[in-house]
Number of protein chains: 2
Amino acid sequence: MSIYIEKNRKTKELIQKSFLQILENKRFESITIGDITKIAQINRGTFYLHFIDKFDLLDQIEQQLFTEIGNHIDELQSRYSFTHAFEKEQEHLANTLFSVIELHSPILQIFLSDHGRAGFHIRFRDAFSEKVRINLEKNEGFNAKLKVPLEYFLSFITSAFLGLIEQWFQNGLDKTSQEMTSLYIDIISFIKRDKW
Amino acid sequence: MSIYIEKNRKTKELIQKSFLQILENKRFESITIGDITKIAQINRGTFYLHFIDKFDLLDQIEQQLFTEIGNHIDELQSRYSFTHAFEKEQEHLANTLFSVIELHSPILQIFLSDHGRAGFHIRFRDAFSEKVRINLEKNEGFNAKLKVPLEYFLSFITSAFLGLIEQWFQNGLDKTSQEMTSLYIDIISFIKRDKW
DNA sequence: GTACCAATAAACAACATGTTGAAAATTCAG
DNA sequence: CTGAATTTTCAACATGTTGTTTATTGGTAC
């Protein structure tokens, strides 16, 4: 019995892997089931035993990715004792996020590019927002001080963050996650201090 | 002769219009040429007299949109005499952008959604960045004060801006462009003043 | 009237899709 | 070890989409 489960899992994994491999060089829209099964060296019909269609395939990969990234963030965050100054906590959260992004950069780069699927950046940002919201709301009185609707502030700050990540990718990951954190802090400081 | 040009132009416009109409309810990926020509009530072959394929169709609409938006921004900006304080200029630019966005919101909402095409938000942001860059560099000494690479700062701030726009759309355009400008100013002020 | 042009209609091969029934591989009871 | 049951894989099929082509229609230009 168990060898079937294992085999099934392996085939499914093979399909996902082959698909991601093709996605590096070809837009999602123009990839066919045949392309995938040819690389995976399986029958085209086998594909349909594991996925409804290619949209389902991407959905499942996307869902896995969000789960993995979420878990990573939670793990890295939990290792941090919450007795630091608020600025330090912000810096730590930023560093956590950049680290996790770096870890998953191969897939994220593709998904955020024009080879990926429309709307990914919004779904990704929403997942991001949730983590940031939790962190911000630990700061008591935050909502009182903020005069604009929270959803707008979250969209603003998480999009800005995502913008840095996209630029980081566009520059071919030219910096470490530590350097990206510093860069982020520098930008916030610049906005706070200077006229621009 | 001129009536031929006119007829040709009208048919091309009809195709674009019909396509956008379908795009409101269906993802770009799953729209067929047949869908479009059925709505436009023309022969399927006629489509190919005007466009290479559906990707070409979207490319042309996207290009037109960027040109139109760019022209609108330039026009609104040029009406403003540049003798104001720097903060006022920033506010004016923001207001200009929100106004133009509002004007083109029907198409932009679709293009930024998951019905659109992957990578649109990056191409849109790049076009945006150019306008913001020109405005920022009017402030002499800006580059000297900024310690981080300009491209990162631009990505940061234009993505943040785009984030507000996306949230605005998501809330069903619940505010006027004036209110959005105020909201933007409030967020910048909040970041400057408060710990968060 | 003749040359010209946009749009149409119909047909085509090539390819992609999703389904199905048969075949091969694997497990396990006796 | 063997045969029945179960699971995975596959080849073939019907259907739909794509982009191209050829002949034809209804106008316009000169």
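Computed from a predicted structure; not experimentally measured. A note on names: the letters A, B, ... follow the listed sequences, proteins ahead of strands, and every chain is numbered from 1.
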Is the closest basic N to carboxylate O distance between Glu29(A) and Arg117(A) below 4.0 Å?
no

May I ask you to test the Ser105(B)-Leu173(B) pair for a side-chain heavy-atom distance under 4.5 Å?
yes

Rounded to the nearest Å, what distance is computed from the NZ atom of residue Lys12(A) to the P atom of nucleotide dT7(D)?
17 Å

Roughly, in whole Å, what's the span from NE2 in His50(B) to C1' in dC5(C)?
12 Å

Can you tell me the distance, in whole Å, between the CD1 atom of Ile5(B) and the P atom of dA29(D)?
11 Å

Using a 4.0 Å cut-off on protein heavy atoms (strictly under), produce a 5'-to-3' string for nucleotides 14-19 of chain C with B for base contact, S for backbone-only sugar-phosphate contact, and - for none.
--SBBB

Calculate the interatomic distance between Ile42(A) atom CD1 and dA23(C) atom P; express it in whole Å.
22 Å

Cationic tip of Lys54(A) within the cone over Phe19(A)'s six-membered ring, i.e. under 6.0 Å and within 45° of the normal?
no

Taking ring-ring contact (aromatic ring centres under 6.0 Å, His included) as the test, write out the residues that go with Tyr184(B), two or more places apart.
Phe161(B)

Candidate nucleotides dA29(D), dC10(D), dA7(C), ranked by approach to the side chain of Ile3(B) - the nearest:
dA29(D)

Atom pair distance, as rounded to whole Å: CG in Asp56(B) and P in dT18(D):
15 Å

To the nearest Å, how far apart are Leu57(B) CG and dT18(D) C1'?
15 Å

If you assign Lys7(B) and Phe55(B) each to the DNA chain D nucleotide with the nearest heavy atom, which residue ends up on the more 5' nucleotide?
Phe55(B)

Asn8(A) has an atom CG; how far is it from atom P of dT9(D), in whole Å?
7 Å

Arg123(B) and Phe66(B), any side-chain heavy atoms less than 4.5 Å apart:
yes

Check: residues 147-154 of chain B side-chain donor-acceptor pairs under 3.5 Å, at least two apart:
| unit_1 | atom_1 | unit_2 | atom_2 | d |
| --- | --- | --- | --- | --- |
| Glu151(B) | OE2 | Asn171(A) | ND2 | 2.7 |
| Tyr152(B) | OH | Asp174(A) | OD1 | 2.9 |

Quick check on dT8(C): is either OP1 or OP2 less than 4.0 Å from any side-chain nitrogen or oxygen of Thr46(B)?
yes

